[in-house]
Amino acid sequence: MRILHTADWHLGKTLEGRSRLPEQEAVIDEIVEIVQKENIDVVLLAGDAFDTVNPPADAEKLFYEALSRLSDYGKRHVAVIAGNHDHPGRLSAAAPIAEKHAITLLGFPTDRVQQIYVPSSDETLMIGALPYPSESRLNELLAEECDEALLRARYDERIRAIFAKMNESFREDAVNIAMSHLYVAGGATCDSERPIELGGAYTVSPASFPAQAQYVALGHLHRPQDVKHAVMPARYSGSPLAYSFSEAGYSKSVTIIDVQPRCTPIISEYLLSKGRPLVKWRAEGLAQVYRWIEEGRDRGAWIDLEIDVEQSLTLEETHRLRKLYDGFVHIRPNYLKKEEVTREVHTDVPIETLFTRFYERQTGGGKPSEEIVQLFLQLVAEEDEQ
């Protein structure tokens with residue numbers, strides 16, 4: 001049996017107000033191509049299909065179209081669980097009709113194992129699928145005291161009990177897979193993940209996974225990574241796109257699992273190529289930025305630009321940069337000279353000098369342009385006249 005594991009699509013997510021929907025469409029096209037090319041029998045989506053509990057209509061349309069294509073309109077099974085960004089009720093609402101097309105949608109935590117016959121491999125798949133298990137979705141108060149250590153212990157104990165219950169339903173003559181959307185102790189995080197640990201309280205130990213699972217498919221962490229200290233293979237597939245500049249340089253991928261009953265699975269990573277990469281630039285002045293743009297450096301990427309300057313960038317300079325290349329998301333000046341500014345008032349110091357010192361203090365060392373100084377003097381003159 002060949003299983004493809006993906007997670008954290010975050011459909012509808014923007015980058016500082018910039019739509020990522022065309023990139024999400026492209027990467028879903030790529031995943032569909034991989035599924036077809038690699039003869040995948042089952043697709044697992046381990047949570048955070050959407051970026052918010054109330055996603056835009058275009059994002060929902062893309063999601064359901066993707067499920068139809070991945071399932072090949074009912075010929076291939078697809079299983080989806082809710083993540084912390086998803087609305088469990090909305091995801092579950094479409095479950096009855098989705099089930100008729102070999103698509104399983106699970107919104108709320110459950111200890112019931114999903115039994116699926118896979119005709120393409122003539123094998124049975126047992127999925128211990130646990131959607132994001134927060135206290136509210138578990139409908140339980142795990143600790144009355146505001147004690148983080150106690151809550152962490154109670155939470156891990158509760159998740160371990162759910163997985164233990166699932167373990168009882170796993171079968172030796174079937175492929176046994178666990179799937180969840182949670183934070184496992186030791187995982188490497190990045191800025192684009194909404195924290196679910198509450199300072200560590202919602203953290204699960206790798207020892208809590210069901211012992212009979214042959215593979216644990218996880219969602220939440222956006223960097224593809226194996227779980228350390230797990231007895232069985234356990235992995236975060238990562239997000240298919242980079243969603244914050246803390247992910248700059250990360251490779252994006254899906255995970256493919258080749259597995260048979262009673263056998264250790266073979267795990268492989270299939271790299272993704274679609275979507276605009278997120279890149280950080282550190283430039284020594286405007287001239288270098290203009291040269292990079294002219295050379296076509298990182299053409300097509302989203303850029304976080306930090307630029308060394310002696311005085312603040314004018315609006316015209318900023319507008320010119322964005323006109324030359326639409327991929328600039330952040331343009332941040334890094335002032336080279338930072339001088340200490342005295343707080344003493346000197347009546348014999350020209351007012352424009354005092355303003356310049358004030359401006360440098362407020363901007364961390366930036367020098368005002370002549371245009372800004374003249375505007376300030378004009379305002380002062382108008383105030384004096386009044």
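Side-chain atoms are counted along with the backbone in the values below, which use heavy atoms only and exclude waters and symmetry mates.
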### Message
Once you measure the plane-to-plane angle for Tyr183 and His220, does it fall in the parallel (<30°), tilted (30-60°) or perpendicular (>60°) bin?
### Response
perpendicular
### ring-ring contact (aromatic ring centres under 6.0 Å, His included) against His330, all qualifying residues, sequence neighbours excluded
Phe245
### Query
Should the pair Tyr243 and His222 be assigned to parallel (<30°), tilted (30 to 60°) or perpendicular (>60°) ring geometry?
perpendicular
### Query
By ring-ring contact (aromatic ring centres under 6.0 Å, His included), which residues pair with His5, not counting sequence neighbours?
Tyr215
### Summary of salt bridge (Lys or Arg N to Asp or Glu O under 4.0 Å) pairs that have at least one residue in residues 64-83, sequence neighbours excluded
Asp29-Arg69, Lys61-Glu65
### Where at least one partner belongs to residues 289-305, residue pairs that pass salt bridge (Lys or Arg N to Asp or Glu O under 4.0 Å), sequence neighbours excluded
Asp304-Arg332
### Lys/Arg N to Asp/Glu carboxylate O, Lys274 vs Glu25, below 4.0 Å
no
### Task
Over 60° means perpendicular and under 30° means parallel, so classify the ring planes of Phe328 and Tyr325, tilted if in between.
perpendicular
### Message
For residues 101-121, which residue pairs pass the ring pair (Phe, Tyr, Trp, His ring centres under 6.0 Å) check, not counting sequence neighbours?
### Response
none
#### Entry: side-chain hydrogen bond (donor to acceptor under 3.5 Å, both in side chains) partners of Thr255, counting only residues at least two apart
Arg235
#### Entry: Modelled atom types, side-chain donor and acceptor of Asp41 and Ser120, under 3.5 Å
yes
### Task
Indicate yes or no for a side-chain donor-acceptor contact from Ser92 to the backbone of Gly89 under 3.5 Å, with no hydrogens or angles considered.
no
### Query
Residues in side chain to side chain contact (heavy atoms under 4.5 Å, CB included) with Gln212, at least two apart?
Asn167, Phe170
#### Entry: Residue pairs, two or more places apart or on separate chains, that pass ring pair (Phe, Tyr, Trp, His ring centres under 6.0 Å) and touch residues 252-274
none
#### Entry: Pairs where residues 81-102 contributes a residue and the test salt bridge (Lys or Arg N to Asp or Glu O under 4.0 Å) is met, not counting sequence neighbours
Glu60-Arg90
#### Entry: Contacts of type ring-ring contact (aromatic ring centres under 6.0 Å, His included), residue Phe63, not counting sequence neighbours
Phe50
### Task
Could you list all the ring pair (Phe, Tyr, Trp, His ring centres under 6.0 Å) pairs where at least one residue sits in residues 283-312, not counting sequence neighbours?
Trp281-Trp292
### Task
Nearest 0.5 Å please: distance from the CD1 atom of Ile40 over to the CG atom of Leu70.
10.5 Å
#### Entry: Arg154 bridged to Glu157 by N-O distance under 4.0 Å
no
### Task
Identify whether the distance between the nearest side-chain nitrogen and carboxylate oxygen of Arg322 and Asp326 falls below 4.0 Å.
no
### Task
May I ask you to decide whether Glu38 forms a salt bridge with Arg2, counting only side-chain N to carboxylate O separations under 4.0 Å?
yes
### Query
Tell me the salt bridge (Lys or Arg N to Asp or Glu O under 4.0 Å) pairs involving residues 164-182, sequence neighbours left out?
Lys165-Glu168, Arg171-Asp173
